[in-house]
Amino acid sequence: MVNFLPPPLVGLLAFLLLTLNSLFWVPILLLLALFKLLLPWRAARLRLDPLLVRVAEGWIACNSGWMALTQKTDWDVRGIDGLQRRGWYLVNCNHQTWADILVLQHLLSGRIPLLKFFLKQQLIWVPIMGLAWWALDFPFMRRHGEEVLRAHPELRARDQEVTRIACEKFSLIPTSVMNFCEGTRFTVAKHRQQNSPYRHLLKPKAGGIALALNVMGDKFHAILDVTIVYPDGAPDFWQFLCGRMRRVRVRVQTLPVPQELADGDYAGDAAVREAFQQWLQQVWREKDAQIACLLDA
């Protein structure tokens with residue numbers, strides 16, 4: 001543990017370890033991804049994709065190592081026992097900070113298949129990591145507001161096609177499809193702008209999770225609904241690196257796949273769309289109440 005050092009020095013050390021870790025693993029990822037580009041057949045993917053996953057899990061394990069060295073965090077975690085390493089999960093979580101991703105990877109790696117995220121298109125330009133996410137087939141989505149989508153409905157169809165293609169790739173080997181239904185990190189300003197009906201959450205967006213269920217509903221073993229709470233306030237990425245993530249409370253609830261919704265046509269059937277949104281809003285109401293209880297505990 002190096003927490004006795006001043007926080008800026010801890011942050012610099014953590015950033016250096018994260019960078020060195022990425023510089024070690026990402027070239028291996030890219031080399032394997034190059035073979036996958038040159039051998040675009042299903043049989044080749046079935047051999048190469050597990051190798052890519054192992055490399056990504058090595059990167060995550062090393063991240064957990066430097067986190068243990070630089071963080072003095074009180075972890076209060078429930079609901080991760082009994083999960084299956086072999087199988088498919090649809091994972092849903094509230095989103096407050098970049099640290100959420102490292103928290104999820106730290107807790108779930110080795111317990112369920114590798115988490116694969118739906119990412120904003122701009123993130124492909126993140127140095128080093130953008131290439132790693134591309135190599136791992138993370139889908140890059142263009143986020144559009146409702147007004148833009150109403151004016152240009154073809155953009156919705158384009159993102160749906162990106163999601164469909166990604167999910168077809170995910171169906172080849174056990175995968176955990178990760179989705180932040182809020183679509184962006186929670187802030188007080190965004191909460192106020194949305195006039196969100198939830199105290200601690202933004203409004204959920206059903207499209208991504210619905211399409212994933214439509215494409216892979218027969219594959220998913222279950223839905224994992226994850227709630228992350230930072231009782232001392234959500235740290236930004238620099239605060240996290242500086243070891244200022246003091247307490248984390250995580251609750252994981254295993255939910256059955258709503259098969260009647262997974263079998264429905266979310267894009268083309270208004271009744272299915274309404275039923276799915278009602279289901280997700282109920283999940284969100286329960287999550288909001290759970291966050292309130294965890295903050296008050």
Side-chain angles (χ1 to χ4, degrees), residues 1-33 52-77 80 93-111 114-136 138 140 178 180 182 184-190 226-250 295:
M1 299 291 289
V2 295
N3 297 94
F4 63 89
L5 296 172
L9 288 181
V10 174
L12 288 173
L13 176 60
F15 180 76
L16 176 62
L17 293 173
L18 171 60
T19 302
L20 291 175
N21 186 33
S22 301
L23 288 174
F24 176 80
W25 292 107
V26 171
I28 303 174
L29 273 178
L30 295 180
L31 180 61
L32 291 172
L52 285 160
V53 166
R54 290 178 189 172
V55 172
E57 289 176 338
W59 179 79
I60 292 169
C62 291
N63 282 339
S64 292
W66 66 253
M67 285 169 61
L69 179 67
T70 60
Q71 304 281 333
K72 188 176 182 180
T73 304
D74 177 24
W75 295 87
D76 177 4
V77 182
I80 61 174
C93 185
N94 60 312
H95 192 21
Q96 305 158 83
T97 167
W98 268 84
D100 295 339
I101 295 173
L102 289 170
V103 167
L104 287 164
Q105 290 176 333
H106 172 70
L107 293 176
L108 296 177
S109 181
R111 296 180 180 272
L114 180 71
L115 290 168
K116 294 199 175 182
F117 296 79
F118 289 86
L119 300 173
K120 295 179 182 179
Q121 181 71 30
Q122 304 92 300
L123 294 180
I124 198 171
W125 303 112
V126 173
I128 304 174
M129 295 312 304
L131 288 172
W133 293 325
W134 167 81
L136 288 166
F138 284 30
F140 292 91
M178 178 70 223
F180 292 116
E182 292 163 293
T184 185
R185 285 166 283 171
F186 178 96
T187 67
V188 173
K190 293 174 186 175
V226 183
T227 302
I228 301 177
V229 170
Y230 304 94
D232 304 309
D236 62 30
F237 194 58
W238 177 244
Q239 290 170 336
F240 169 79
L241 291 177
C242 290
R244 288 174 171 159
M245 187 178 74
R246 299 300 185 189
R247 294 185 294 165
V248 183
R249 292 172 178 163
V250 180
L295 288 172

Output the distance between atom [atom1] ([X]) and atom [atom2] ([Y]), rounded to the nearest 0.5 Å.
{"X": "Met67", "Y": "Leu18", "atom1": "CE", "atom2": "CG", "value": "10.5 Å"}
{"X": "Leu107", "Y": "Ile60", "atom1": "CG", "atom2": "CD1", "value": "11.5 Å"}
{"X": "Leu9", "Y": "Thr70", "atom1": "CG", "atom2": "OG1", "value": "12.5 Å"}
{"X": "Asp232", "Y": "Asp74", "atom1": "CG", "atom2": "CG", "value": "9.5 Å"}
{"X": "Gln105", "Y": "Leu102", "atom1": "CD", "atom2": "CG", "value": "6.0 Å"}
{"X": "Trp238", "Y": "Leu12", "atom1": "CH2", "atom2": "CG", "value": "4.5 Å"}

I want to check something: taking the side chain as every heavy atom from C-beta on, are [X] and [Y] in contact at a cut-off of under 4.5 Å?
{"X": "Arg185", "Y": "Phe180", "answer": "no"}
{"X": "Ile80", "Y": "Val250", "answer": "no"}
{"X": "Leu30", "Y": "Val26", "answer": "yes"}
{"X": "Phe240", "Y": "Thr73", "answer": "no"}
{"X": "Leu104", "Y": "Cys93", "answer": "yes"}
{"X": "Trp59", "Y": "Ile28", "answer": "no"}
{"X": "Trp75", "Y": "Met245", "answer": "yes"}
{"X": "Val103", "Y": "Tyr230", "answer": "yes"}

Of all the heavy-atom pairs spanning [X] and [Y], show the shortest one and how long it is.
{"X": "Ala14", "Y": "Trp66", "answer": "CB-CZ3, 3.8 Å"}
{"X": "Leu52", "Y": "Ala33", "answer": "CD2-N, 4.1 Å"}
{"X": "Lys190", "Y": "Thr184", "answer": "NZ-OG1, 2.7 Å"}
{"X": "His95", "Y": "Glu182", "answer": "N-OE1, 2.8 Å"}
{"X": "Ala56", "Y": "Leu29", "answer": "N-CD2, 4.5 Å"}

Is there a donor-acceptor pair under 3.5 Å between the side chain of [X] and the backbone N or O of [Y]?
{"X": "Gln239", "Y": "Arg244", "value": "no"}
{"X": "Thr97", "Y": "Pro235", "value": "yes"}
{"X": "Lys72", "Y": "Gly243", "value": "no"}
{"X": "Gln96", "Y": "Gly233", "value": "no"}
{"X": "Asn94", "Y": "Ile228", "value": "yes"}

Original post:
Using 30° and 60° as the class limits, which term best fits the ring planes of Trp133 and Phe138: parallel, tilted or perpendicular?
Top reply: parallel
